[in-house]
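Hydrogens, waters and symmetry mates are skipped; everything else that's a heavy atom, side chains included, is used. Residue numbers begin at 1 in each chain, while the letters A, B, ... track the order of the sequences.
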Amino acid sequence: MKLTIAQRLLFTLVGLTILPLALLDYAVQQAFESAITRTTVQKLSEIADKKSIQISDYVEERLLDVRNLGQSRELANDLLQLTRTYRQGGPNGAGYQQAVRELGHRYQDYIQRNGYYDLFLVDLSGEVVFTVKQETDFATNLRTGPYRESELGQVFHQTATLLGAEISHLQYYPPSSEVAAFIAAPILHDNQLLGVVALQINTDHFYSVIRDHTGLGVSGATLIGRKDGDDAVFLVQGKEDPHTPTSQRMALHRQGAKPLQKSVIGDQGAGVTVDYRGIPVVAAWRYIPDLRVGMVVKIDAEEAFAQLHTLRLSGWAFGAFLSLAVLVAAWRQGQHILKPIQELTRVTAVIAGGNLQERVQRTTHDEIGQLGRAFNTMADHLLCATNSLETRVRERTHDLQLQVAERIKAQERLRLAGIVFDNTSEGVVVTDAHSRILDVNPAFCRISGYSREEVLGNTPGMTKSGRHDATFYQEMWSTIQQTGQWNGEIWDRRKNGELYPKWLSINTVRDEQGQPSHYVGIFSDITHIKQTAEQLEQLAFYDTLTSLPNRALFHNRLSHELSVCRRYQLKLGLMFLDLDRFKHVNDTLGHHAGDLLLQEVARRLLQQVRDTDTVSRLGGDEFTLILTDIQQANDMAPLAQFIIHAISQPITLQGQEVYVGASIGLAVFPEDGDTPETLIKNADMAMYQAKGSGRNTFHFFSAQLHALAFDRITLEDDLHKALDREELLLYYQPKVRLEDGVLTGMEALLRWRKPDKGMISPGKFIPLAEETGIILPIGQWVTNTAFRQAAAWGAMVPGLNMAINLSARQFHQKNLIEMVRNSLLESRVDPTTVELEITESMVMGDVNKAIATMKALRDLGLNLAMDDFGTGYSSLSYLKQFPINTLKIDQSFVRDIPQDHQAIAIVQAIIAMATSLNLHVVAEGVETPQQAAFLRRHGCALVQGYLFSRPLPADEFERLARSGNPFSIHYLN
Amino acid sequence: MSRLAIACLLGLMGFLPPRATLADPQPIRVGILHALTGDMATHERPLVATARLAIAGINRQGGLLDRPLEAVVADSGSDPALAAREAERLITRERVSVLFGCWTSACRKAVKPVVEKYHHLLVYPLQYEGLEHSSHLLYAGAAPNQQMVPAFIWAVQKFGPRVYLAGSDYIFPRAAHLILRQLAHLHGATIVGESYLPLGEQQVAPLVADIVTQKPDIVLNTINGDTNLPFFRALQTAGAAIPVLSFSLSETIIHRQPAILAPHHVAWSYFQSLDTPENRQFRDQMHQQEPGLILDDPMVTTHVGIQLWAQAVREAQSAQPEKVDPALLRQSLNSPMGIVSVDRKTRHLWRPVHVGQIQAAGTIQVVASWERTIRPTPFPEFQSKTWWENALLTLLPGGKP
């Protein structure tokens, strides 16, 4: 390749910098463009979805109205009366006129109150016997008359046959001379079909839903169209006046269908496309089945991507500037290298031509300079060898001349340096080796505000901003000492106290020994550059309406905070906030008021949180709060309450007080998810739960509860199998007569031994069994087993009394009596030796029914005990009616004897009550001799508890009972 | 020089985000739960075939979310209890993202608690008796007001007000007759007779004798499965020229014995003969893959259900049931049967309905079409929801659901 050095240099620089730069610029723009396209399309989809839900909600509400009318007895009677008089004398007859005078005002009031245009009553034959407006459709027949094909006629026909409320299409209706839609419902009375009631919708209300442009910007619009044969027809178009039907039609099934054409045939989607005007738009299209119309929500691409154009322009400008800078640098560097080489070439040629005087004049300090000097030396030697003494004299003269020229040059340089020093826009400061300022230039004074005299002799430290710590300056100086220079951004203080950023470079000047003799600092004020950068950031990451971080920045912050929290094992809270009734404000006061409202809400939110928390607006009326470093999830509850309170305060907009509310969802890292996505999803879900539970409230998302529920399912499953696997056991706790220590009976207690987990606490599985209903088969097993055991032991040791607990479910079971009777028969146990224990709470619901059940159990010969007595709220009057034999004092009272006076009083009262009602009394949970002595002293005959024995397995209990030894009670005396 | 430039370019590429990973993406698993064995197999096998074709079609276009679909087919053995167990297995073991399945109401009622327990999603493709709501089902088939009610009115207007109800003895016909009785009363029609035959019964003589005695203007037929052929044959033999309108007679069955079934009527949302551009294209497409395949309403409903679900997956950018569900509730589709849309509140589809007359060649000629797609109301509005629920309880064995 025949390339000169200059060309190579140029290509290298272009290859190394401009090409990658252009590619990078292009790649960044592509990424940005696709991100903006994605978010815009997504936003429009959300708006379209919201809007179609609004429309179907609107239709649903209207259907509810007309359904209620159709079921109204009053309306049915009115229809009968109107029809009768109409048939007798026609619409002008006196009877009919009289009836209308009497009844008509009701329907006049109804449509005014509920915002309808008109109301129709139609009898079964299709005769319109009443309308409020009395337009030309009155007194026509909808089966045979002129309007049978109208939407009113169609919806009448559909309603009268299918017998369900329905809405018509939206179409031009001649009697009203405008676009109309009707809703109708059958009038059903005493299971007879009488006719149809129809309401004509006030289309203004309907259009206001469509024309709401929240979030759609300036060029945004909503189109509604319907399929008509092979065409799509506009019904409501953009922001133009929607009252006249637009007659623009577009053929379907054409290549490259427009969004509206797609939507009217049931397609739905979103994307960047071209609309009916041929203008590029971002659009989302949906089908609305209630009205059988297609809807398009769109915004001009030009507006949607305006930001993108700016960025693209500034991107290319920046690229072009850099490229130019590189080209200039390359050219200058090339010249710098080439000049000495060309000089050397020329001098060599001259010397070769015989003129030994010629020398290389321009020498630099680089390798080419060395070559030049070496060349000169060589030429010198050559000259020396050939020149005489005479020439030496000439040489000396020549040297002297050179010296003079040198001095003149040095003076010139100094003068130039002085001009530069005085006129450069960059501040220059020169210090000695001890950093004392020797000189500053005018630019220094202009930037810093200090005069030259004020700073001379001081150190540059006098303008320190205080923004940097000592380490920063230490590092700076150590860099200077190691490399001789330092460049960087640093904050300083002007004389007027204002802080400002500057770009500073410090260079060391060394003396002949290589020791630093001076330092030169050159700096420029970069305040303006910084501001520009900040403004750019503000545009990209902040919501222009509220100045809060936008969705993009929120995601950045959340990811960042989560990584911090993960590293330091901190908790983080995420709140999702959605305004209630915001749409209402937007609808009634307009878009501008909605914007003001959002700004006010943003202000209130910022007032409620700490500086370290991030409040963002995701769009629409959605806000998020990232709460860092919270101690526990519950810390967020008061904050959420404060926020709800703050937002629910009245807001004055355009002189009117409005009220909005907020629904808040809360999720906590790491309990509710450890990635930004799951946290966001869960907070969002929680927010929806909050909305669902009545708005103006907050709701936690708790994955923990979910997990608990899952544990429960496992346990439930195991419990189901426990019966079959014979993992359930009965233990028996002895009941002792205090008088002589004789064993009088036992209480059967349920235990669950799980092969892999050992004994499961009854407190854990019995409530679960109750809840799921497994308690019924388990209860039956308990009863059967205990009865059989009682029968066996009764034969062995007569007089033992078996107590068995009944569960609430069992007690209320329909076939309880039958089940117990079968059990008794099958086990052949003597029923008088069995006592069923029930609790107070079981009998408190339907007392009479409970008494009946208890009587039936007594009729079987069984005894009944009231368990855990004292913990419920039994009234004495009920207690008297209960056919029970025994009261059991709950162990919670016995445990507190004899320290707690209240417990003592209760136990005394229960014993006294039992005695007066002639009931046995048994104390549970007796653990100390003092307790036993106290009970004995106060007349409680029977006790059970660990003082005597813990509950025993069947075989151990049997051994105890067989021995016949009384329990030792002598120490109680 | 140029080598240097290339090196620079390659270096820069390294900083660009990777386009796509080369590893095979995990497939999205789709559960298909139908009877491959037992009484219902002849009815349900075509639905499995349709589902497979629909899934293959989606895979040919690149799958969903850059992942292929994988059909996981389970055999319900025509047994509701087995269907429930298989549904649980598909959800917990096979980790499917959605279930398409069931034909009978008994199957649906058995699988419903399972999908509800796991917060999963079942798409049910059959027309049924209505009177039900579950937030984990998409009822893709017709509700009573989208098939029986309009067809009933057409029949009474065309043939006369004396109506005879004949059905199989299980929940669907009994509930259907309950609704038709209410409707007949309100429209001034008379039910002159009502009979039930056990499922699979071949002894139809007493029923036909009763019909001949009563001389109704029209017989409304909700007999399901194999009893239909003997019934129509006996009716033909008896020489009674009484028109029959059937609600559960699919085109697949009709094609086996058209001579016996002509010129009676059936009501469906879809007939293979529908002459719309969408249906022509669909029919050609299916016949390209499976020449001679008879397409009927439950098959096309299965197809539509899968397409709606696929649209929802694309929109939700996820196949997880809890994310797909909200998107599913706002889908519409320009389908072979016309525009169908999911009704958010009832979780049913807006559907069209036609009455067709069976031709001796087995094709069906549309004789009446409801002009507009019909809003689903699974609980017909002419009685309250509570009334229907109580009435339904009395129909179920033992009076309990």
Heavy-atom pairs under 4.5 Å with chain B: which of His169(A), Arg67(A), Lys681(A) has the most? His169(A)
Looking at Ile167(A), Leu124(A), Ile53(A), which has the largest count of heavy-atom pairs under 4.5 Å with chain B?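 The candidate making the most pairs under 4.5 Å is Ile53(A).
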One option among Thr373(B), Thr377(B), Leu333(B) has the most heavy-atom pairs under 4.5 Å with chain A, and it is Thr373(B)
Measuring from atom CG of Leu162(A) to atom CZ of Phe152(B), what distance do you get when rounded to the nearest 0.5 angstrom?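 That separation rounds to 12.0 Å.
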Between the CD1 atom in Ile265(A) and the CG atom in Asn334(B), the distance rounded to the nearest 0.5 Å is 4.5 Å
Of all residues at least two apart in sequence or in a different chain, which pass the side chain to side chain contact (heavy atoms under 4.5 Å, CB included) check with Arg85(B)?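 Side chain to side chain contact (heavy atoms under 4.5 Å, CB included) check on Arg85(B) returns Ala81(B), Leu82(B).
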Can you tell me if CG on Asp284(B) sees more than 12 non-hydrogen neighbours from other groups inside 6.0 Å? yes
Does CD belonging to Gln281(B) count more than 12 external heavy atoms closer than 6.0 Å? no
Within the distance-only criterion (no hydrogens, no angle test), does the side chain of Glu381(B) pair as donor or acceptor with the backbone N or O of Ala165(A) below 3.5 angstrom?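 Present.
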Under 3.5 Å, is there a donor-acceptor pair between the side chain of Glu166(A) and the main chain of Ile374(B)? no
Side chain, backbone, both or neither of [X] within contact of chain B (heavy atoms, under 4.5 Å):
{"X": "Ile288(A)", "value": "neither"}
{"X": "Glu60(A)", "value": "side chain"}
{"X": "Leu194(A)", "value": "neither"}

Between Gln154(A) and Arg372(B), does the side-chain contact (heavy atoms from CB on, under 4.5 Å) criterion hold? Intermediate values first, please. CA-CA 10 Å; Gln154(A) 304 256 13; Arg372(B) 298 180 176 182; 3.9 Å; yes
Those residues of residues 310-320 of chain B, ordered by number, that approach chain A below 4.5 Å (heavy atom to heavy atom):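 Near chain A, by residue number: Gln311(B), Glu315(B).
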Toward chain A: residues of residues 336-344 of chain B with heavy atoms under 4.5 Å: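 Within residues 336-344 of chain B, the residues under 4.5 Å from chain A are Ile339(B), Ser341(B), Arg344(B).
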Does anything in residues 184-193 of chain A reach chain B? List residues with heavy atoms under 4.5 Å apart, or say none.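 Those residues of residues 184-193 of chain A which have a heavy atom under 4.5 Å from chain B are Leu188(A), Asn191(A), Gln192(A), Leu193(A).
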Minimum heavy-atom distance between [X] and [Y], given as atom pair plus value:
{"X": "Ile153(B)", "Y": "Thr161(A)", "answer": "CD1-O, 2.9 Å"}
{"X": "Asp57(A)", "Y": "Lys345(B)", "answer": "OD1-NZ, 3.3 Å"}
{"X": "Asp290(A)", "Y": "Trp350(B)", "answer": "CA-CH2, 3.5 Å"}

Is it the side chain or the backbone of Gln331(B) that comes within 4.5 Å of chain A heavy atoms, both, or neither?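 It is both, since atoms from each part get that close.
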